[in-house]
Participant: 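Sharing a structure, written as structure tokens. Questions coming.
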Amino acid sequence: MSHDKISSGNNSQEKGVNRLLEEAAAESRRISHAIQAIAGTTSCKGVQIHGLKQWAIKNHVWLNDITELGEFSDRGSENEVYMDSIHQVVNKLNDFRYADDNLESFFQRINIHNVLFSDCAYILRGFTENREGKICAVLEQPFIRADREASIEEIAGALALMGFIPMCDGEYFTNGKVDIFDALPNNVLHGIDGNIFFIDTICLPSSSNYLDTYKSLSPNWET
């Protein structure tokens with residue numbers, strides 16, 4: 001079976017377009033360093049999240065009305081999804097579920113995703129509360145014109161072309177530097193142009209114990 005092309009085209013963001021992501025990451029690190037200096041721990045996700053809300057309000061990137069993001073479409077394990085048909089984008093309200101006890105991994109994974117899958121890169125628009133009242137990052141992503149979900153075989157084939165091999169019976173993929181989780185058909189689309197688009201995977205620096213962390217946080221493993 002032949003495998004389709006990978007979404008890695010020329011949709012890279014211009015320098016400065018995603019500056020807000022860098023600034024928010026820097027504020028998150030500042031909070032983490034301050035907590036570490038005072039309490040001797042980097043486990044401070046809750047403090048970081050509430051600190052980012054205040055930072056977003058101060059910097060006028062706090063969104064009060066989520067209806068401005070488009071029409072509610074779906075609720076995934078970590079995202080509320082809104083379709084903006086006017087601007088042809090998808091807005092995801094990410095509640096930091098997979099960040100574990102520090103937001104550093106959240107910002108890492110967004111940056112890694114944007115490098116690996118530039119045709120469906122994220123832009124941080126700001127912060128808001130989702131329908132459950134949780135503080136979230138608002139991530140904008142291009143709307144992908146797809147005819148179906150990618151198959152497991154297509155996903156594995158596309159990642160193999162990028163140098164990623166399956167681990168633990170395909171629970172995740174790695175190239176030794178980056179691990180990719182949640183590379184499942186509902187998170188990967190087959191575009192009408194024949195490309196494979198990885199729209200909602202979790203990409204993190206390789207770690208020998210992250211699979212256990214992923215299992216503890218993912219609803220796919222809840223009993």
Side-chain angles (χ1 to χ4, degrees), residues 13 16-84 86-87 89-114 120-143 181-182 187 199-205 210 213-214 216-219 222:
Q13 301 170 58
V17 168
N18 218 2
R19 177 172 49 84
L20 186 61
L21 182 67
E22 299 173 3
E23 293 176 351
E27 176 64 12
S28 177
R29 285 192 296 272
R30 186 195 67 77
I31 295 171
S32 177
H33 292 163
I35 295 297
Q36 186 174 14
I38 295 171
T41 180
T42 58
S43 300
C44 57
K45 184 171 81 168
V47 178
Q48 287 173 306
I49 291 173
H50 286 278
L52 282 174
K53 176 179 180 178
Q54 298 307 313
W55 177 86
I57 293 171
K58 179 181 178 180
N59 288 277
H60 309 290
V61 291
W62 178 262
L63 183 65
N64 288 308
D65 185 4
I66 59 177
T67 63
E68 296 177 9
L69 298 174
E71 183 178 354
F72 175 76
S73 173
D74 194 13
R75 167 73 214 192
S77 59
E78 61 174 345
N79 294 315
E80 276 186 6
V81 182
Y82 293 79
M83 303 294 297
D84 183 346
I86 296 176
H87 299 98
V89 296
V90 177
N91 289 301
K92 297 179 178 179
L93 274 55
N94 187 294
D95 64 9
F96 309 106
R97 180 188 186 106
Y98 291 114
D100 195 16
D101 57 5
N102 192 293
L103 294 188
E104 181 66 23
S105 60
F106 169 79
F107 291 105
Q108 283 181 324
R109 60 174 280 204
I110 299 304
N111 283 319
I112 294 172
H113 171 93
N114 287 353
C120 47
Y122 290 112
I123 294 176
L124 179 65
R125 290 190 56 182
F127 297 85
T128 191
E129 289 184 359
N130 65 12
R131 304 199 315 180
E132 298 175 353
K134 293 182 179 180
I135 299 170
C136 297
V138 181
L139 298 173
E140 179 187 290
Q141 194 174 39
F143 176 76
F181 297 85
D182 258 7
N187 295 326
I199 61 168
D200 204 18
T201 54
I202 299 173
C203 309
L204 286 166
Y210 194 79
T213 302
Y214 167 72
S216 71
L217 298 172
S218 172
E222 290 178 354

Participant: What are the two closest heavy atoms between Leu21 and Ile110, and how far apart are they?
Facilitator: CD2-CG2, 3.8 Å

Participant: Hey, what do you get for CG (Asp182) to SG (Cys203), rounding to the nearest 0.5 Å?
Facilitator: 10.0 Å

Participant: Check Ala137 against Phe127 and note the closest heavy-atom contact, atom names and distance.
Facilitator: CA-CD2, 3.7 Å

Participant: If you compare all heavy atoms of Ser32 against all heavy atoms of Asn102, which two are closest, and at what distance to 0.1 Å?
Facilitator: OG-ND2, 3.2 Å

Participant: Are Asn18 and Leu124 close enough, and set up right, to give a side chain to side chain contact (heavy atoms under 4.5 Å, CB included), and what steps lead you there?
Facilitator: CA-CA 7 Å; Asn18 218 2; Leu124 179 65; 4.2 Å; yes

Participant: Considering non-hydrogen atoms only, spot the tightest contact between Phe72 and Asp74 and give its length.
Facilitator: CE1-O, 3.3 Å

Participant: Would you say that Tyr122 contacts Lys92 through its side chain, given a criterion of any heavy-atom pair below 4.5 Å between the two side chains?
Facilitator: yes

Participant: Taking Glu68 for its side chain and Leu63 for its backbone only, find out whether a donor-acceptor pair lies under 3.5 Å.
Facilitator: no

Participant: Mind listing the closest non-hydrogen atom pair of Gly70 and Tyr82 along with its distance?
Facilitator: O-CD2, 3.7 Å

Participant: Check this for me: does any side-chain nitrogen of one of Arg30 and Glu27 sit under 4.0 Å from a carboxylate oxygen of the other?
Facilitator: yes

Participant: For Gln141 and Ile199, indicate whether the former's side chain and the latter's backbone hold a donor-acceptor pair under 3.5 Å.
Facilitator: yes

Participant: Any idea which heavy atoms bring Lys45 and Ala99 closest together, and the distance?
Facilitator: CD-CB, 3.8 Å

Participant: For the CZ atom of Phe106 and the CD atom of Gln48, what is their distance to the nearest 0.5 Å?
Facilitator: 11.5 Å

Participant: Side chain of Asp95, backbone of Arg97: donor and acceptor closer than 3.5 Å?
Facilitator: yes

Participant: Are Arg29 and Phe107 packed together at the side-chain level, in the sense that at least one heavy-atom pair is separated by less than 4.5 angstrom?
Facilitator: no

Participant: Can you find a heavy atom in the side chain of Leu20 that is under 4.5 Å from one in the side chain of Arg125?
Facilitator: no

Participant: Check whether any side-chain heavy atom of Pro205 sits under 4.5 Å from a side-chain heavy atom of Ile112, and report yes or no.
Facilitator: yes

Participant: What do you reckon, is CD of Glu71 surrounded by more than 12 foreign heavy atoms closer than 6.0 Å?
Facilitator: no

Participant: Indicate yes or no for a side-chain donor-acceptor contact from Gln108 to the backbone of Leu204 under 3.5 Å, with no hydrogens or angles considered.
Facilitator: no

Participant: Using only heavy-atom distances, determine whether the side chains of Asp100 and Ser105 contain a donor-acceptor pair under 3.5 Å.
Facilitator: no

Participant: Testing Ile35, Ile38, Leu103 for side chain to side chain contact (heavy atoms under 4.5 Å, CB included) with Cys44, which one passes?
Facilitator: Ile35

Participant: How about Leu69 and Leu93: do any of their side-chain heavy atoms sit closer than 4.5 Å?
Facilitator: yes

Participant: Check the pair Val61, Trp55 against side chain to side chain contact (heavy atoms under 4.5 Å, CB included), reporting the backbone distance first and the verdict last.
Facilitator: CA-CA 8 Å; Val61 291; Trp55 177 86; 4.1 Å; yes

Participant: Could you go through the side chain to side chain contact (heavy atoms under 4.5 Å, CB included) check for Met83 and Val90 one step at a time?
Facilitator: CA-CA 5 Å; Met83 303 294 297; Val90 177; 3.7 Å; yes

Participant: Does Asn59 reach the side chain of Glu23, with side-chain heavy atoms less than 4.5 Å apart?
Facilitator: no

Participant: Salt-bridge test for Glu78 and Arg109: reply yes if a basic N is under 4.0 Å from a carboxylate O, no otherwise.
Facilitator: yes

Participant: Check the pair Glu129 / Lys53 against side chain to side chain contact (heavy atoms under 4.5 Å, CB included), numbers first and verdict last.
Facilitator: CA-CA 9 Å; Glu129 289 184 359; Lys53 176 179 180 178; 3.2 Å; yes

Participant: Taking His113 for its side chain and Cys120 for its backbone only, find out whether a donor-acceptor pair lies under 3.5 Å.
Facilitator: yes

